[in-house]
Amino acid sequence: AQSVAQPEDQVNVAEGNPLTVKCTYSVSGNPYLFWYVQYPNRGLQFLLKYITGDNLVKGSYGFEAEFNKSQTSFHLKKPSALVSDSALYFCAVRALYNFNKFYFGSGTKLNVKP
Amino acid sequence: AAGVIQSPRHLIKEKRETATLKCYPIPRHDTVYWYQQGPGQDPQFLISFYEKMQSDKGSIPDRFSAQQFSDYHSELNMSSLELGDSALYFCASSFKSGGGELFFGEGSRLTVL
């Protein structure tokens, strides 16, 4: 069965510091991995994805994520956090063999303090 | 660029009433998904359509039904509304042969009183 885990309900960082939001996944076969951001009362916005190729994926707003197959992780990172990055972040996975299924993690609230 | 359009954005209903939510996917996208998001929760998959046929079903109550029409827009019909149905309902679309990501609408907030 496919699943995604985001072990932290909340991450607090100071503006200008690097941030990491963690995600681990469980899927049979090769995964498609995604990060989305959600601002209050808004839809989910696509940030980046990993399908194949380079393990370090760059996305929107300066975010990047590193795919680690041995650790089944896909952590979201940003070298220097902004207050405007404060939002809810969701990791998601879909399996190549069952492309209709799209599984979300429970979400991590990122708080960036000035 | 065109995005996923959902209407209405806000809806207030009484218990046992019926509600209909509409979704207009991005042009040329062939797959539509419906999700329900309760307060402080992750989106829960309800149902999906590929080329106007139901492709998968999640935790959609029997009181809910959905369809996709010939112009690819989709409607989620909810009957015998309960207080617990109060949530944000998201529609998302994708192109099955595309990069795999879903594109979400801004959501319809349903409040059941």
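The sequence lines fix the lettering, A, B, ..., with proteins before strands; numbering per chain opens at 1.
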What pairs of residues pass the salt bridge (charged side-chain N to carboxylate O under 4.0 Å, His left out) test when at least one of them lies in residues 105-114 of chain A, not counting sequence neighbours?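 Applying salt bridge (charged side-chain N to carboxylate O under 4.0 Å, His left out) to every pair that reaches into residues 105-114 of chain A, excluding sequence neighbours, yields nothing.
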Once you round to the nearest 0.5 Å, how far does [atom1] of [X] lie from [atom2] of [Y]?
{"X": "A/F104", "Y": "B/Q37", "atom1": "CZ", "atom2": "CD", "answer": "9.0 Å"}
{"X": "B/R9", "Y": "A/N41", "atom1": "CZ", "atom2": "CG", "answer": "8.5 Å"}
{"X": "B/L102", "Y": "A/R94", "atom1": "CG", "atom2": "CZ", "answer": "5.0 Å"}
{"X": "A/L47", "Y": "B/E101", "atom1": "CG", "atom2": "CD", "answer": "11.5 Å"}
{"X": "A/F102", "Y": "B/T31", "atom1": "CZ", "atom2": "OG1", "answer": "12.0 Å"}

Which answer fits A/Q6, side chain, backbone, both or neither, if we ask what part of it has an atom under 4.5 Å from a heavy atom of chain B?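 For A/Q6, no heavy atom lies under 4.5 Å from chain B.
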Which atoms of B/Q41 approach chain A - backbone, side chain, both or neither, heavy atom under 4.5 Å: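 Answer is backbone: N, CA, C or O of B/Q41 sit under 4.5 Å from chain A.
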If hydrophobic clusters are built from ILVMFWY residues whose side chains come within less than 4.5 Å, do A/Y39 and A/L19 share one?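 Yes, it is one cluster - the side chains of A/Y39 and A/L19 are joined through contacts under 4.5 Å.
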Report whether A/F63 and A/V112 are members of the same hydrophobic cluster (ILVMFWY, side-chain heavy atoms less than 4.5 Å apart, transitive linking).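 In one cluster with A/F63: A/V112, yes.
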For B/W34, all residues meeting side chain to side chain donor-acceptor pair (under 3.5 Å), sequence neighbours excluded: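 Per chain and number, B/W34 pairs via side chain to side chain donor-acceptor pair (under 3.5 Å) with B/S74.
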Look at atom [atom1] of [X] and say whether more than 12 heavy atoms of other residues, nucleotides or ligands are closer to it than 6.0 Å.
{"X": "B/K13", "atom1": "NZ", "answer": "yes"}
{"X": "A/Y61", "atom1": "OH", "answer": "no"}
{"X": "A/K22", "atom1": "NZ", "answer": "no"}
{"X": "B/R63", "atom1": "CZ", "answer": "yes"}
{"X": "B/D62", "atom1": "CG", "answer": "no"}

Can you name the residues that form a side-chain contact (heavy atoms from CB on, under 4.5 Å) with A/P40, not counting sequence neighbours?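 In terms of side-chain contact (heavy atoms from CB on, under 4.5 Å), with neighbours along the sequence ignored, A/P40 is linked to no residue.
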Who in residues 104-113 of chain B is close to chain A, using a strict under-4.5 Å heavy-atom cut-off?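 Residues in range: B/F104, B/G105, B/E106, B/R109.
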Angle class for the B/F103/A/F46 ring planes (parallel below 30°, perpendicular above 60°, tilted otherwise)?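 Tilted.
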